[in-house]
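Some notes on the structure that comes next.
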Amino acid sequence: MGYTLTPQELETYRRDGLVMPNTHLPDEAYQLAKRTVNGIIDRATENTREFTNVAHIPKRAGVPEGLDGGEEIFKLATSPAVVDFVEQCIGPDVVLWGTSIFAKPAGFGRAVQWHQDSNWWPMRPLVTCTMWLAIDDANVSNGCLRYIPGSHDWDVLPHLDEKAQGLLGSNIGQDLIDEKTARDVVLKAGQFSLHQANLVHGSNENNSTKRRAGLVMRYMPASSLFTREEDEAMVQRSLMKTGYTVTYAERPIWLVRGENRHPRNDYRVGHKNLEDLDAIAENARQAAKAWTPAHA
Ligand SMILES: O=C(O)CCC(=O)C(=O)O
């Protein structure tokens, strides 16, 4: 494995639910991410200028969530520079199932209210690892990520409909959170954090003159089932204030490392016209096997 967390960083991830490793992506990988994310943001519509729900699937006929730039983000999200870190957090069998861009434009980027990702997500058991990659410097003045250390061990708290300001359609009530315990995820462009599914996190508005864009790449262990559950309640919960309704019925998932460990995971749904991506993922998986005998 080429990219490693220190034992202390791994311990922080397990203890706090989030770690900011003392490293950054290799410059080539970061430049690819920056170029591609900038292009996606430049082409964004009124609905997507703050948030792009899926960034790693290219625009193709019959591919519902595809967009220009998807192939480049897919290459990054399947590369060792990213997956090596994720593997250390969730184990050797890794599934790529999502990516998003939280663009938070200068001057008007809305807050992302306190929430737990697990409130919305369709895998059981609900184990995930998210890499939040800073495309721009992220700090207190432009609305960096914030989190409550240790909250990844809590159950999923009630998320209420949010009628006020903020990007999400629902959030955890203020009375359940002690904001004094929150920590800021201050990152330089190219640095990243890794966080767990139940972690309580969010971010403030961006009233500064600097954009704060982050690319998030989301993974689950292949021992979890990606359920594609599509009941009405889940669709309601997933309604963002950006015009997106998030459903997982047709979402393609890719095994990017190790082996599938759940017999009902379906790696064919939504893959039509994405065969070149299947090949990229499979090559990445085979390459990792070759350099890590334990995976053979
Ligand atoms: O970028 C943000 O402000 C929020 C990100 C987030 O909620 C997530 O990555 O799950």
Pairs where residues 1-15 contributes a residue and the test salt bridge (charged side-chain N to carboxylate O under 4.0 Å, His left out) is met, not counting sequence neighbours
none
Among residues two or more places apart or on two chains, list those pairs meeting salt bridge (charged side-chain N to carboxylate O under 4.0 Å, His left out) that have a residue in residues 198-216.
Asp136-Arg211
Flag side-chain contact, heavy atom, 4.5 Å: [X] against [Y]:
X: Trp121; Y: Ser118; result: no
X: Tyr219; Y: Val82; result: yes
X: Leu168; Y: Trp120; result: yes
X: Asn119; Y: Pro158; result: no
X: Ile253; Y: Arg228; result: yes
X: Leu199; Y: Gln116; result: no
X: Leu167; Y: Phe102; result: yes

Kindly determine whether Ile280 and Lys75 satisfy side chain to side chain contact (heavy atoms under 4.5 Å, CB included), including the steps that lead there.
CA-CA 7 Å; Ile280 293 170; Lys75 284 183 182 150; 3.9 Å; yes
So with a 6.0 Å cut-off around CG of Asn22, is the heavy-atom count from everything else above 12?
no
Got a second to check how far [X]'s [atom1] is from [Y]'s [atom2], nearest 0.5 Å?
X: Asp84; Y: Arg257; atom1: CG; atom2: CZ; result: 4.5 Å
X: Thr4; Y: Gln88; atom1: OG1; atom2: CD; result: 6.0 Å
X: Ile41; Y: Leu215; atom1: CD1; atom2: CG; result: 9.5 Å
X: Leu18; Y: Ser193; atom1: CG; atom2: OG; result: 4.5 Å
X: Asn207; Y: Asn142; atom1: CG; atom2: CG; result: 10.5 Å

Suppose we screen for side chain to side chain donor-acceptor pair (under 3.5 Å). Which residues come up paired with [X], at least two apart in sequence or across chains?
X: Trp132; answer: none
X: Asp27; answer: Gln31
X: Asp266; answer: Arg268
X: His262; answer: none

Under a 3.5 Å distance rule, please check whether [X] uses its side chain to pair with a backbone N or O of [Y] as donor and acceptor.
X: Gln196; Y: Tyr13; value: yes
X: Thr78; Y: Ala284; value: no
X: Asp178; Y: Lys180; value: yes
X: Lys104; Y: Asn204; value: yes
X: Thr48; Y: Ala44; value: no
X: Glu87; Y: Pro80; value: no
X: Ser224; Y: Pro125; value: yes
X: Ser203; Y: Arg146; value: no
X: Asn283; Y: Gln286; value: no
X: Tyr30; Y: Ile135; value: yes

Is the closest side-chain donor-acceptor distance between [X] and [Y] under 3.5 Å?
X: His271; Y: Asp278; answer: yes
X: Thr130; Y: Arg218; answer: yes
X: Ser208; Y: Asn206; answer: yes

Hydrophobic cluster membership, with links at side-chain heavy-atom distances under 4.5 Å among I/L/V/M/F/W/Y: are Ile40 and Leu32 in one?
yes
Suppose we call two aromatic rings close when their centres sit under 6.0 Å apart. Are Trp254 and Trp97 close by that rule?
no
Using atom types as modelled, flag every donor-acceptor pair under 3.5 Å from a side chain in residues 55-68 to any protein atom, sequence neighbours excluded.
unit_1 : atom_1 : unit_2 : atom_2 : d
His56  : ND1    : Thr99  : OG1    : 2.7
Arg60  : NH1    : Asn273 : O      : 2.8
Arg60  : NH1    : Asp276 : OD1    : 3.0
Arg60  : NH2    : Glu71  : OE1    : 3.4
Arg60  : NH2    : Asp276 : OD2    : 2.9
Glu65  : OE1    : Arg251 : NE     : 2.8
Glu65  : OE2    : Arg251 : NH2    : 3.2

How close do [X] and [Y] get, counting heavy atoms only, and between which atoms?
X: Pro21; Y: Leu194; result: CG-CD1, 4.2 Å
X: Arg49; Y: Ala103; result: O-CB, 3.3 Å
X: Ala81; Y: Leu25; result: O-CD2, 3.6 Å
X: Leu274; Y: Pro252; result: CD1-CG, 4.1 Å

Pair Glu259 + Lys289: basic N to acidic O under 4.0 Å
yes
Answer yes or no: is there an ion pair linking Glu72 with Arg35, defined by an N-O contact shorter than 4.0 Å?
no
Qualifying ring-ring contact (aromatic ring centres under 6.0 Å, His included) pairs with a residue from residues 171-195, counting only residues at least two apart or across chains
Phe85-Phe192, His195-His201
Audit row: Leu76, Leu133, side chain to side chain contact (heavy atoms under 4.5 Å, CB included) steps and yes/no:
CA-CA 11 Å; Leu76 177 71; Leu133 171 65; 4.3 Å; yes
Just do the side chain to side chain contact (heavy atoms under 4.5 Å, CB included) check on Leu145 and Val112 with the steps written out, would you?
CA-CA 9 Å; Leu145 200 64; Val112 176; over 6 Å; no
Applying salt bridge (charged side-chain N to carboxylate O under 4.0 Å, His left out), can you list everything that pairs with Glu28, at least two apart in sequence or on another chain?
none
For Arg183, salt bridge (charged side-chain N to carboxylate O under 4.0 Å, His left out) partners two or more places apart
Asp16
Taking side-chain contact (heavy atoms from CB on, under 4.5 Å) as the definition, give me every residue that meets it alongside Ala222, ordered by chain and number, with sequence neighbours left out.
Asp93, Val95, Leu255, Asn260, Tyr267
Which hydrophobic side chains are connected to Val200, either touching it within the sub-4.5 Å cutoff or through other members that do?
Trp114, Ile148, Trp154, Leu157, Ile172, Leu176, Ile177
